[in-house]
> 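Here it is, the structure, as structure tokens.
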Amino acid sequence: MEGVDKEKVQRIVYEMSKGSKYFVNEEKKEAYMKQKVNSMQAQLAKFTALDISHHQKIADKRIVELEATRDLSRIWLHVDMDAFYAAVETLCNPSLKGKPMAVGGMSMISTANYEARKFGVRAAMPGFIAHKLCPELIFVPVDFKKYTYYSDLTRKVFQKYDPNFLAASLDEAYLDITSYCNDKGMTAGEVAEELRESVYKETGLTCSAGVAPNRLLAKKSWLADVGKGNRKRGESTEDLIESPEIMDKAVRVCSDINKPNGQFVLPNERMAVMTFISSLPIRKIGGIGKVTENILNGVFGITTCEEMLQKSSFICALFSRTSADFFLSVGLGLGRTDMPQVTQRKSMSNERTFSPTEDEALIYQKLVDISENLSSDLKKQGFRGRTLTLKLKTSCFEVRTRAVTLPNYICSSEDILKHATKLLKAELPVSLRLMGLRMSHFSEGREGVAIDPKQKTLANFIVTENASGSGHEDQTLTESDINDDALAIRRETSFCSDKHEPCESVDFADTYQLPDHNQTDITYCHNEAENGGTFDLQIDDFRENVDNHDTVRGSTHLFPTGGGQLVDRDSSSGLIAESGPDKCKSTDDEAVFWLNDYQCSVCGIELPPSFVEERREHFDFHLAQRLQDEESSNINRNLKPKQR
DNA sequence: GCGGATCAC
DNA sequence: TATGGTGATCCGC
């Protein structure tokens with residue numbers, strides 16, 4: 001931000017932190033990171049010119065394949081409310097207007113208004129440091145009820161532009177405005193203007209919007225700042241200042257940048273995308289955090305997305321296939337353009353920080369509280385799980401987790417406490433500052449969720465004569481039917497096509513889609529060991545960006561399509577159309593389901609008869625998918641936009 | 001399946 | 001005095 005004395009801020013933060021246990025731990029983490037960089041540098045130094053040219057060929061091929069998946073047909077809009085919590089608080093208490101204010105407390109603040117940011121106050125900064133930076137800073141406690149209320153108001157607006165919009169958090173959303181633009185004959189920029197105006201009218205809050213051909217770019221398209229240094233943890237993305245350099249380039253190809261309360265439109269043209277991405281710092285990309293940035297910069301000297309392509313041979317040489325694909329796609333400005341599947345929650349947790357203690361009675365009491373809290377949350381949502389994870393943070397900020405997977409599903413506080421106590425006892429004596437419990441590995445059904453007897457289950461679906469589901473038309477849906485969790489179907493199954501053992505996890509919900517009757521989508525995982533050891537980075541949301549796998553079967557060559565899906569060229573579309581999802585209507589049909597006893601008639605995936613479990617799961621998957629499709633089409637027919 | 005690490009908000 | 005809570009994912013083992 002303009003007017004921030006960065007050096008002074010840095011000095012104060014350092015003075016306040018120096019010597020603290022937190023700071024010592026941070027230094028430890030940094031040392032670990034440097035070690036990682038050194039180790040990779042050493043690995044890189046071993047490569048011969050021949051190795052590099054080999055990997056360059058692989059990289060070039062991969063870039064061509066990724067480029068072929070580029071889809072410029074959709075218009076995505078990303079909305080982000082400006083300093084949301086702080087703005088809501090000011091709306092509710094206008095006397096705060098114009099004064100530096102932060103939402104949070106002395107130990108941690110959630111967000112700060114723009115007046116406070118001028119002093120260097122940031123989200124995720126401890127309050128006492130913020131107070132030092134800005135003695136007149138007003139602290140307002142967090143109040144999620146308020147933020148949820150205003151968030152709902154904004155979402156009502158978003159709904160008008162894309163009924164299926166994607167809420168990323170209370171203050172962020174993705175909208176596919178392709179249809180809206182076409183129907184209204186408006187440009188994306190005009191739609192963004194109208195939407196922001198409408199949000200302001202409904203809430204009194206301002207927001208910023210980015211428009212681009214994919215979600216990755218839509219989110220980043222108003223974050224363009226070049227050469228402004230790295231974003232620190234907690235520094236809001238809203239703080240970023242646009243540099244004249246990118247402004248010039250971007251404005252030439254796009255429209256204006258203005259933040260806060262601004263918008264930025266990246267046209268659906270490859271040139272515009274490439275120009276935009278060319279000088280975009282890698283840290284701005286979702287999924288590239290502090291560590292990844294340090295590695296890419298420290299090992300390869302990469303600072304901008306464009307350099308990902310320039311260093312593609314090194315990237316392919318040192319990283320796993322998954323990581324390399326992600327980095328290359330970032331360099332190409334590729335991102336997801338489809339609407340992701342609704343996902344079921346996978347875990348639920350409760351954790352609390354307290355003043356450090358080694359008093360075992362006290363620690364045990366905290367565990368009792370946390371068990372009760374977690375149990376209560378689980379019961380509210382009707383979840384039962386069988387993996388319980390205890391999280392501890394020692395007084396020195398070292399984090400440990402200890403997990404147990406039980407033979408049965410539990411949710412009562414007594415059961416949770418019983419197992420959590422066992423996990424904790426093994427760690428005593430210990431001095432702690434945080435404890436938490438996480439439940440995962442949920443059972444399929446949910447307790448406490450009313451089951452509509454008319455709603456089809458897998459079992460009654462199988463015995464239903466007409467699999468297309470006539471008689472669903474009159475079905476009225478209850479609240480529980482439209483619950484996201486109830487609708488979600490997500491399976492994690494591993495296949496390895498050349499070995500009879502699981503390798504990489506393939507998430508069907510994201511990588512797998514039912515064919516649209518004229519193409520077959522196939523995903524395989526590929527166990528590649530290019531040059532002995534590869535380094536793997538953990539790329540969150542990787543599938544947001546790339547959705548591509550290779551086959552290892554010589555007979556079935558796969559070609560990427562524009563939608564990021566893979567198409568089996570050899571598949572007969574007629575065959576698929578003939579033996580589509582309708583095949584999955586009874587267990588008898590499971591035999592017919594496998595063409596030549598090894599190929600799935602719906603999607604074409606190949607699974608030999610020996611893969612009994614996998615085949616069963618695969619069959620179930622299509623069945624479930626089919627059910628889900630039916631349910632959602634019913635919902636779309638019967639629900640008002642609000643319910644949806 | 002477990003534990004450590006990374007990331008986003 | 002004092003550096004969060006929740007959820008997800010990935011990797012090596």
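Below, chains carry the letters A, B, ... as their sequence lines are ordered, and counting in each starts from 1.
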> Check the phosphate of C:dG4 against A:S110, side-chain N and O only, distance under 4.0 Å to OP1 or OP2. Yes or no?
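No, A:S110 has no side-chain N/O under 4.0 Å of OP1/OP2 on C:dG4.
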> Starting the side chain at C-beta, find the nucleotide from C:dC11, C:dT6, B:dG3 nearest to A:T322.
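The answer is C:dC11.
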> Side chain of A:S320: nearest nucleotide among C:dG7, C:dC11, B:dA8?
C:dC11
> Backbone N or O of A:N261 within a donor-acceptor pair of the A:D82 side chain at under 3.5 Å?
yes
> State whether A:S349 places a side-chain N or O below 4.0 Å from either non-bridging phosphate oxygen (OP1 or OP2) of C:dG7.
yes
> Classify the ring geometry between A:H78 and A:Y174 as parallel (under 30°), tilted (30 to 60°) or perpendicular (over 60°).
tilted
> Can you check whether A:R386 has a side-chain N or O nearer than 4.0 Å to OP1 or OP2 of B:dG1?
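Looking at the OP1 and OP2 atoms of B:dG1, one of them is under 4.0 Å from a side-chain N or O of A:R386.
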> Using modelled atom types only, decide if a donor and an acceptor are shared between the side chain of A:D162 and the backbone of A:N164 within a distance under 3.5 Å.
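Present.
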> Can you identify which nucleotide, out of B:dG4, C:dG7, B:dA8, has its nearest atom closest to the A:R283 side chain?
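For the A:R283 side chain, the nearest candidate turns out to be B:dA8.
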> Mapping A:K29 and A:A168 to their closest nucleotides on DNA chain B, which lands nearer the 5' end?
A:K29
> Identify which nucleotide among C:dA8, B:dC7, C:dG4 has an atom closest to any side-chain atom of A:K346, counting heavy atoms from C-beta outward.
C:dA8
> Can you identify which nucleotide, out of C:dG7, B:dC9, B:dG1, has its nearest atom closest to the A:H441 side chain?
B:dG1
> So which nucleotide from C:dA2, B:dT6, C:dG4 ends up closest to the side chain of A:F128?
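Nearest to the side-chain atoms of A:F128, counting from C-beta on, is C:dA2.
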> What is the separation between atom CD on A:E30 and atom P on B:dT6, rounded to the nearest whole Å?
12 Å
> Within the structure provided, determine whether A:L205 and A:F84 are in side-chain contact (heavy-atom separation under 4.5 Å).
yes
> What contact category does A:K393 fall into here, base, sugar-phosphate, or nothing, at under 4.0 angstrom with non-hydrogen atoms?
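Sugar-phosphate: the residue A:K393, judged by heavy atoms under 4.0 Å, touches backbone atoms but no base.
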> Which nucleotide in the set B:dC9, C:dG5, C:dT9 lies at the smallest distance from any side-chain heavy atom of A:T353?
C:dG5
> Would you kindly give the CG-to-C1' distance between A:N350 and C:dT6, to the nearest whole Å?
10 Å
> Between C1' on B:dT6 and CG on A:L296, what's the gap in Å once rounded to a whole number?
13 Å
> To the nearest angstrom, how far is A:K391 atom NZ from C:dA8 atom P?
14 Å
> Indicate, with a heavy-atom threshold strictly under 4.0 Å, whether A:S17 touches base, sugar-phosphate, or nothing.
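The residue A:S17 makes base contact.
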> Any idea how A:F319 and A:F300 line up, ring-wise: parallel (<30°), tilted (30 to 60°), or perpendicular (>60°)?
tilted
> Should A:R352 be listed as having a side-chain N or O under 4.0 Å from OP1 or OP2 of C:dG4?
no
> Report the distance from atom CD of A:E293 to atom C1' of B:dT6, rounded to the nearest whole Å.
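Whole-Å distance recorded here is 14 Å.
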> Quick test of your reading of the model: are A:D143 and A:K145 salt-bridged, counting only N-O distances below 4.0 Å?
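Salt bridge flag = no for A:K145 with A:D143.
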> Quick one: do A:K146 and A:E89 make a salt bridge, cutoff under 4.0 Å?
yes
> Consider the side chain of A:E351, meaning its heavy atoms from C-beta on, and name the nucleotide among B:dC9, C:dT6, B:dC7 that approaches it most closely.
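Output: C:dT6.
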> Go through the N and O atoms of the side chain of A:R400 and the base of B:dG3, and report whether any donor-acceptor pair is under 3.5 Å.
no
> Closest approach to the side chain of A:Y32, judged atom by atom: which nucleotide of B:dA5, B:dC9, C:dG7 is it?
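Taking heavy atoms from C-beta onward, the closest nucleotide is B:dA5.
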> Could you pick out which residue, A:F397 or A:D377, lies toward the 5' side of DNA chain C when each is mapped onto its nearest nucleotide?
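Of the two residues, A:F397 wins.
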> Which is true for A:S20 with a 4.0 Å heavy-atom rule: it touches a base, it touches only sugar-phosphate, or it touches nothing?
base
> Using atom CE of A:M33 as one end and atom P of B:dA5 as the other, report the distance to the nearest whole Å.
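Roughly 13 Å, once rounded to whole Å.
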> At less than 4.0 Å, is any side-chain N or O atom of A:S347 found next to OP1 or OP2 of C:dA8? Yes or no.
yes
> Side chain of A:K36 only, please: which of C:dG7, B:dT6, B:dC2 is the nearest?
B:dT6
> Looking at A:T405, does any N or O in its side chain come under 4.0 Å of the phosphate oxygens OP1/OP2 on B:dG1?
no
> Measure CG/A:L390 against C1'/C:dT6 and give the value in whole Å, please.
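Those two atoms, CG and C1', are 16 Å apart.
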> What's A:L170 touching, base or sugar-phosphate or nothing? Going by heavy atoms closer than 4.0 Å.
nothing
> Using whole Å, report how far CZ of A:F442 lies from C1' of C:dT6.
12 Å
